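Remember, it's a predicted structure, so these values are computed and weren't measured experimentally. Numbering of residues begins at 1 and proceeds along the displayed sequence. Both ligands and their constituent atoms are indexed starting at 1 by order of listing.
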Amino acid sequence: MSALFEPLTLRELTFPNRAWMPPMCQYSAPDEGPDTGVAGDWHLAHQAARAVGGAGLIITEATAVNPEGRISPADLGLWNDRQQDGLARVVAFLRAHGSVPGIQLAHAGRKASTERPWRGGAPIAPDEPYGWRPVAPSPLPFTADGPVPAELTREQIGRIVEDFAAAARRALAAGFQVAEIHGAHGYLLHEFVSPHANRRTDEYGGSFENRIRLSLEVVDAVRAVWPDELPVFYRISATDWLSENPQDGREGWTVPDSVRLAKELLAHGVDLLDVSSGGIAPDARITAGPGYQVPFAAQIKAETDVPVAAVGEITEPRQAEEIIASGQADAVLVGRELLRDPFWPNRAARVLGAEPTWPDQYHRAV
Ligand code: FNR
């Protein structure tokens, strides 16, 4: 029996397997006009292929809760009815084909207003077409020569919390069954928790309790609108790769900080931690390699009992199986390998002696 293909139940939602697709921005929504931020044919085709391929959960890319929270002008958004309707079409397909639909609700903070990666990814200045001034906990640019973000006022912070709740309400109406809050990769919530990006002196900065305040407020706001029977996930950067790197030593967020935050998140109704890392500093030295973030997930799980998903260079069926079977994580997220091969879960099922879930139309492929 394959551990990877054992169902998993969180709250009252059962995932058919533990081979999941993480959020991956497609930068393919219209960047102007009434369909700004609306999911279209590309998003449907992209996710539909992975549903047919057998992914147990598909998490829609970072979806901005307000216009300033987009990484690029071509990001998905979820602040109006058209955006909700566009996503509902994608969700209906996923549910009809046995994949649980999830969505990552996001605010890009100081890393907002950039070009699509294949156009170079550079910041778009506020006075350029399609650009705007990013906001952040403190007026510190992400790159030395990058734009200085505007420091958020407490009123603006309060509105962002409301925007997360409103987007969660829309996500639910669109049919999503998992809401993931993006607390990783140097975007807004991560900027607040990390001493590297947060120099505030009010109740949102300074002590650990103050720096995690916004994360907990967002979790509470999302939990208040998300049904008790459905799970909320939180994506964390387990380490900034700064103070934990002897060759760096700048003050940053650490794995022990993550363990501490995980306990708080659990107490506030988060059901699973999606454990990634990095993203707060462009020059942090990250040691990547196969499964390189799995030990972070395993440590958080061991020290807190929070269910966790592992992500990062998980590409081989037997590698994924071992991560689950050894108890290091409850699920794996397969990113780039699922871009290369949308049928990865069904291929893994064959390798591991589990039953692939081909749709009726493909019955002769079995
Ligand atoms: C990503 N990643 C990412 N992460 C996230 O939290 N929100 C997002 O929207 C995106 N967008 C995104 C786009 C693309 C094209 C890639 C390749 C990656 C990170 C992703 O979810 C995952 O954590 C990493 O890709 C590491 O896993 P793999 O690719 O090594 O399996």
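- Annotation: cation-pi pair Arg70/Trp132 present, NZ/CZ under 6.0 Å from the ring centroid and within 45° of its normal.
- The aromatic rings of Phe233 and Trp20 sit parallel to each other, their planes meeting at less than 30°, with 60° as the upper class boundary.
- Ligand 1 has an N or O atom lying under 3.5 Å from an N or O atom of Arg336, backbone or side chain.
- At least one N or O atom of Cys25, backbone or side chain, sits closer than 3.5 Å to an N or O atom of ligand 1.
- Taking the six-membered ring where tryptophan is involved, the planes of Phe343 and Trp358 are tilted, since the angle between them lies from 30° to 60°.
- Contacts of His182 with ligand 1, taken as heavy-atom pairs under 4.0 Å, involve the side chain alone.
- Annotation: atom 18 (C) of ligand 1 to nearest protein heavy atom, Met24 CG, 3.8 Å.
- Ring geometry for His46 versus Trp42: interplanar angle under 30°, hence parallel rather than tilted (30 to 60°).
- Here the rule is side chain to side chain contact (heavy atoms under 4.5 Å, CB included) with Leu214, and of Asn198, Leu189, Leu152 only Leu189 fits it.
- Distance from atom 23 (O) of ligand 1 to its nearest protein heavy atom, with residue and atom name: Arg235 NH1, 3.2 Å.
- Note that atom 5 (C) of ligand 1 has protein non-hydrogen atoms nearby, at separations under 4.0 angstrom.
- Considering both main-chain and side-chain atoms, Pro23 comes within under 3.5 Å of ligand 1 through a nitrogen or oxygen pair.
- Protein heavy atom at the shortest distance from atom 7 (N) of ligand 1 is Gln104 OE1, 2.8 Å.
- The N/O atoms of Glu61, backbone and side chain alike, include none that comes under 3.5 Å of an N/O atom in ligand 1.
- Remark: Glu162 does not engage Arg159 in a salt bridge, criterion side-chain N to carboxylate O under 4.0 Å.
- What sits closest to atom 31 (O) of ligand 1 on the protein, heavy atoms only, is Gly335 N, 2.8 Å.
- In terms of polar-atom proximity, defined here as any N/O pair under 3.5 Å, Val311 makes no such contact with ligand 1.
- We find that Asp271 and Arg223 are joined by a salt bridge, their nearest charged nitrogen and carboxylate oxygen being less than 4.0 Å apart.
- When side chains are defined from C-beta on, Pro101 does not count as touching Phe93, because their heavy atoms never get closer than 4.5 Å.
- Both tests do not hold together for Arg154 against Tyr204: distance to the six-membered ring centre under 6.0 Å, angle to the ring axis within 45°.
- Using a cut-off of 4.0 Å between Lys/Arg side-chain N and Asp/Glu carboxylate O, Arg116 and Asp31 are scored as salt-bridged.
- Geometrically, ligand 1 and Leu333 share no nitrogen or oxygen pair separated by less than 3.5 Å.
- Looking only at protein heavy atoms, the nearest one to atom 26 (C) of ligand 1 is Gly312 CA, 3.9 Å.
- Applying the 4.0 Å criterion to heavy atoms of Ala62 picks out, from ligand 1, the atoms 9 (O).
- Residue contact check: Pro22 has heavy atoms under 4.0 Å from atoms 21 (O) of ligand 1.
- Heavy-atom contacts of His185 reach the following atoms of ligand 1: 4 (N), 5 (C), 6 (O) (cutoff under 4.0 Å).
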